[in-house]
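Working notes, beginning with the structure itself.
All values reported here derive from a predicted model rather than from experimental measurement. Atoms within a ligand are numbered from 1 in the order they appear, just like the ligands themselves. We number each residue from 1, following the sequence as shown.
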Amino acid sequence: MNPELSSWCEVSAGALRQNADMLRRRLGGRRKLAVVVKADAYGHGVGVVVPVLVQAGVDWLIVNSAREAVGVRKVAAEHPIYVCGPSLDFDAPAIVQARARAVVVDADVVRALGAASVAVGIVTPVHIKVETGTHRQGLDPRAIGGFADIVRGTAGLRLEGLTTHFADIEDTTDHRFADRQLQTLLDAHAAVGDDDVLIHSANSAATLLDERTHGDLVRVGIAAYGLWPSKETQAAWLERRMSSSQTLPPGENPVLAPVLSWRARLTQVKDVAAGAYVGYGRTFRATHPTRIAIVPIGYHEGYDRRLSNVAHVVVDGVRCPVRGRVCMNMMMIDVTDAPAARPGAVATLMGRDGDEGVSAEQLASWMGTIHYEVTSRIHPGVERLLSP
Ligand SMILES: Cc1ncc(COP(=O)(O)O)c(C=O)c1O
């Protein structure tokens, strides 16, 4: 891929399909696979990701907000869309217009969704979120029975599901807290007293690790983009494999293929004398004659300033350290050992280049954050291009 752009993200259709196929095998064809495409598909670009997922047979698409639902509806005319994030009453017309289903925890929003649905003559499916220990979005389990009755009594709505979200399943190899959360959800489901109401809780870590969480539907984000949720999830997977747990089918090894690569073109290459400085604050000083190249990407585009003097990018298979501070729209790299460096040459900020590469996890570790933040913060203005 060699576009005439100063920076772009390559989104691998093959990797997306491979991950979706692996997840389908993991579910054994019995449960629905919903892929989370909120935050512009974790920064991968809804416009390129959604058509591939739809073609790959993913059952549902999950967004955060009414606004995102309207955006995804433009690229997925018929597919079920589920709004997993918080909504307020004024979001109801947009949710209905997008023919989405939504999570509800508030009677005013229930009323507004019902009224908006009746106004256009459709029935909107809704899911109640159960508070099971994350204390984010959700209703006290003791209130679920009564709230389910309110939903059932509202014209224009259909109670379709009951859901929760795990607090720490990807943060630890000890899943006792997650087990308690799951039990609370199952108890709430029993209190609703309707087996036709779908039940779902599993994010990527739960989907990969524990079949008991799969319910009727799983909500997979990060794994669909080819990234393990965390080292702990990988460790838990290996631990369970080795202890021949009955929860994992033998021989089913989840190979995840990273989907996103981020590249930019060098715009200038210059010699810097021994003793000269690079960048704002003069935080880098050359100890020997050095070749420096300019990359037209900075923290505005999503290359974090904490990567200053820490990270490397790859030019033609050679690691090139970031020198000096990352600026708003530019950064400088050391190309002394990269003979291919010249204006127009491609630098890889994330992804593979020859035998070298930079992973989202590596960038996250340098930044002191998680890889979810790394991919989802690449500025929407950086083109997303689909590669085979
Ligand atoms: C409600 C909900 N379900 C599922 C997910 C997917 O999580 P993951 O990316 O770890 O699979 C998210 C992501 O934040 C979420 O908010």
Going by ring pair (Phe, Tyr, Trp, His ring centres under 6.0 Å), name the residues that satisfy it together with Y225, two or more places apart in sequence or in a different chain.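 Expected list: Y42, H44.
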I'd like to check the side-chain hydrogen bond (donor to acceptor under 3.5 Å, both in side chains) partners of Q362; sequence neighbours left out, ordered by chain and number.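 With neighbours one apart ignored, the set is empty.
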Who pairs with D216 by side-chain hydrogen bond (donor to acceptor under 3.5 Å, both in side chains), at least two apart in sequence or on another chain?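 D216: no side-chain hydrogen bond (donor to acceptor under 3.5 Å, both in side chains) contacts found.
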State, to 0.1 Å, how close K129 and V103 come at their nearest heavy-atom pair, and which atoms those are.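 Taking every non-hydrogen atom into account, CB-CG1, 3.6 Å.
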Considering all heavy atoms of both residues, which atom of D316 and which atom of D353 are nearest to each other, and what is their separation?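 Between these two residues, the closest heavy atoms are N-OD2, 2.9 Å.
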Could you tell me the separation between the NE2 atom of H165 and the SG atom of C84, rounded to the nearest 0.5 Å?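 So the gap between those two atoms works out to 8.0 Å.
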Under 4.0 Å from ligand 1, counting heavy atoms only: the protein residues, by chain and number: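 Close residues (ligand 1, cut-off 4.0 Å): V36, K38, Y42, K129, R136, H165, N203, S204, R219, V220, G221, I222, Y372.
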